[in-house]
Amino acid sequence: MIETQVSRGIIATYFEKLEKNLELDVAIVGGGPSGMVAAYYLAKAGLKVAQFDRKLAPGGGMWGGAMMFNQIIIQEEAMDIVKDFEINYQAYKEGLYVMDSVESTAAIIYKAVHAGATIFNCYSVEDVIFKNNAVNGVVVNWTPVLRQGLHVDPLNILAKIVIDGTGHDSEIAATVARKNGVKLDTETGSVIGERSMDVKEGEDEVVNQTKEIYPGLYVCGMAASAVSGTPRMGPIFGGMLMSGKKVAEEIIARLTVKP
Ligand code: 48F
């Protein structure tokens with residue numbers, strides 16, 4: 001009966017997909033623009049990458065542009081990335097370009113998945129696997145379980161590298177420091193917290209601060225700004241895209257064996 005086949009098809013292939021992703025090269029926490037861009041370049045390089053976002057729709061803070069005016073701004077330096085994602089754009093002024101935020105977000109999600117990244121939406125990463133003083137993977141649970149406060153244990157997913165792309169709260173970096181009493185590679189050894197708006201400094205620093213902050217744990221996007229105590233930058237997204245590309249390039253260099 002078609003009714004049974006619809007259910008069976010979904011259940012069988014979903015669990016096959018989940019099982020294939022129990023051991024990863026890279027686990028990305030957060031499906032915002034920086035994490036999505038990282039997923040695309042990592043998958044394109046042949047690495048096994050999965051992305052976990054607690055929301056139903058990944059895309060983070062890019063869908064709504066600014067104050068729900070659904071346009072974003074990107075500066076010249078990031079336009080090669082915009083072209084990789086085949087997003088339509090319009091030149092504005094002084095090296096700035098404008099794009100439709102819905103098209104941009106959808107394009108980044110589509111290209112990441114099409115390149116081979118797997119997205120698990122409605123998954124919250126509540127902890128990491130921590131062994132031998134390194135981050136070795138993520139601990140996941142259904143978002144509705146956590147929202148309802150149900151006492152249900154999570155599942156574990158091993159990864160050679162974990163990327164914290166959780167945005168302003170830098171949740172994974174904060175959890176690693178708090179639970180394990182370790183020092184992160186920041187000025188204070190802990191999560192400093194983002195500073196108030198400064199577009200130029202924020203855009204420069206989000207890329208500069210994209211790095212490994214603890215063995216096995218990288219940060220990108222607003223999580224990199226928050227961890228390092230650098231300014232927010234608002235609805236200009238070039239820094240997010242460049243941060244995602246930078247973290248991917250560093251990890252590709254580390255995990256890919258040159259012939
Ligand atoms: O915040 P977010 O869009 O990440 P981003 O790549 O981009 C920041 C910009 O959107 C914007 C900005 C740009 O100028 O300032 O804010 O740094 O997306 C972060 C995603 O992570 C998910 C969350 O649902 C969102 O989609 N997320 C956060 N914590 C968790 C998580 C978690 N513990 N587990 C799973 N997903």
Side-chain angles (χ1 to χ4, degrees), residues 27-40 50-68 70-75 78 81 96 99 101-102 104-105 108-109 112 119-128 137-147 154-155 157 159 162-176 178-179 191 194-207 209-210 217-228 230-248:
I28 304 176
V29 190
S34 63
M36 279 287 167
V37 165
Y40 167 74
Q51 185 146 25
F52 303 91
D53 198 289
R54 65 156 56 109
K55 293 190 181 146
L56 180 57
M62 194 150 88
W63 294 106
M67 253 182 71
M68 295 198 278
N70 65 357
Q71 298 282 92
I72 55 168
I73 297 281
I74 292 198
Q75 60 277 49
I81 305 176
L96 298 178
M99 272 136 260
S101 66
V102 174
S104 305
T105 314
I108 292 173
I109 295 170
I119 298 177
F120 291 98
N121 55 342
C122 303
Y123 274 51
S124 290
V125 175
E126 59 170 61
D127 202 348
V128 297
V138 290
V139 176
V140 299
N141 213 327
W142 294 119
T143 298
V145 163
L146 296 176
R147 289 206 174 145
L155 285 173
I157 297 188
V162 173
I163 300 176
D164 182 345
T166 61
H168 298 257
D169 294 331
S170 59
E171 284 187 26
I172 305 307
T175 300
V176 168
R178 177 174 50 83
K179 284 201 164 184
V191 171
E194 79 184 26
R195 281 175 34 213
S196 294
M197 184 83 77
D198 177 335
V199 174
K200 171 79 177 84
E201 194 187 337
E203 281 294 87
D204 291 345
E205 285 305 316
V206 69
V207 182
Q209 302 300 335
T210 294
L217 179 66
Y218 285 72
V219 275
C220 69
M222 274 317 296
S225 306
V227 162
S228 59
T230 58
R232 64 188 300 202
M233 70 299 286
I236 179 162
F237 279 81
M240 291 302 127
L241 307 190
M242 291 188 283
S243 167
K245 188 170 182 186
K246 178 180 173 185
V247 78

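Whatever order the structure lists them in is the order used to number ligands and atoms, beginning at 1.
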Looking only at protein heavy atoms, identify the closest one to [atom] and say how far it is in Å.
| atom | value |
| --- | --- |
| atom 14 (O) of ligand 1 | Gly234 O, 2.5 Å |
| atom 31 (C) of ligand 1 | Arg54 CG, 3.9 Å |
| atom 12 (C) of ligand 1 | Met222 CG, 3.9 Å |
| atom 16 (O) of ligand 1 | His168 NE2, 2.9 Å |
| atom 4 (O) of ligand 1 | Gly32 CA, 3.7 Å |
| atom 1 (O) of ligand 1 | Gly167 CA, 3.6 Å |
| atom 9 (C) of ligand 1 | Phe237 CE2, 3.7 Å |
| atom 21 (O) of ligand 1 | Gly30 CA, 3.2 Å |

Step by step, work out the side-chain contact (heavy atoms from CB on, under 4.5 Å) result for Ser124 and Asn141.
CA-CA 5 Å; Ser124 290; Asn141 213 327; 5.5 Å; no
Just distances here: any N/O of [X] and N/O of ligand 1 closer than 3.5 Å?
| X | answer |
| --- | --- |
| Val125 | yes |
| Ala223 | no |
| Gly61 | yes |
| Ser124 | no |

Please state which part of Glu171 comes within less than 4.0 Å of ligand 1, counting heavy atoms only: side chain, backbone, both or neither.
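Answer for Glu171: side chain.
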Please classify the Tyr123 to ligand 1 contact at 4.0 Å (heavy-atom distances, strictly less than): side chain, backbone, both or neither.
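Answer for Tyr123: backbone.
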Please confirm whether the backbone N or O of [Y] pairs with a side-chain atom of [X], one donor and one acceptor, at under 3.5 Å?
| X | Y | answer |
| --- | --- | --- |
| Ser243 | Val207 | no |
| Thr210 | Lys246 | no |
| Trp63 | Pro58 | yes |
| Gln51 | Gly30 | yes |
| Gln75 | Gly238 | yes |
| Asp164 | Ala173 | yes |
| Asn121 | Leu56 | yes |

Taking the side chain as everything from C-beta on, heavy atoms only, tell me whether Val138 gets closer than 4.5 Å to Phe52.
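Val138 vs Phe52: side chains touch.
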For [X], state whether at least one heavy atom is located under 4.0 Å from any atom of ligand 1.
| X | value |
| --- | --- |
| Ile236 | yes |
| Met233 | yes |
| Pro33 | yes |

Would you mind running through ligand 1 and noting each atom that sits below 4.0 Å from a heavy atom of [X]?
| X | result |
| --- | --- |
| Phe52 | 35 (C), 36 (N) |
| Gly31 | 20 (C), 21 (O) |
| Gly60 | 3 (O), 18 (O), 25 (C), 26 (O) |

Electrostatic pair Arg195-Glu205, nearest N-O below 4.0 angstrom:
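Result for this pair is no, no salt bridge flagged.
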Which of these, Asp53, Asp127, Val206, Thr105, has its nearest heavy atom closest to atom 22 (C) of ligand 1?
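Shortest heavy-atom distance from atom 22 (C) of ligand 1: Asp53.
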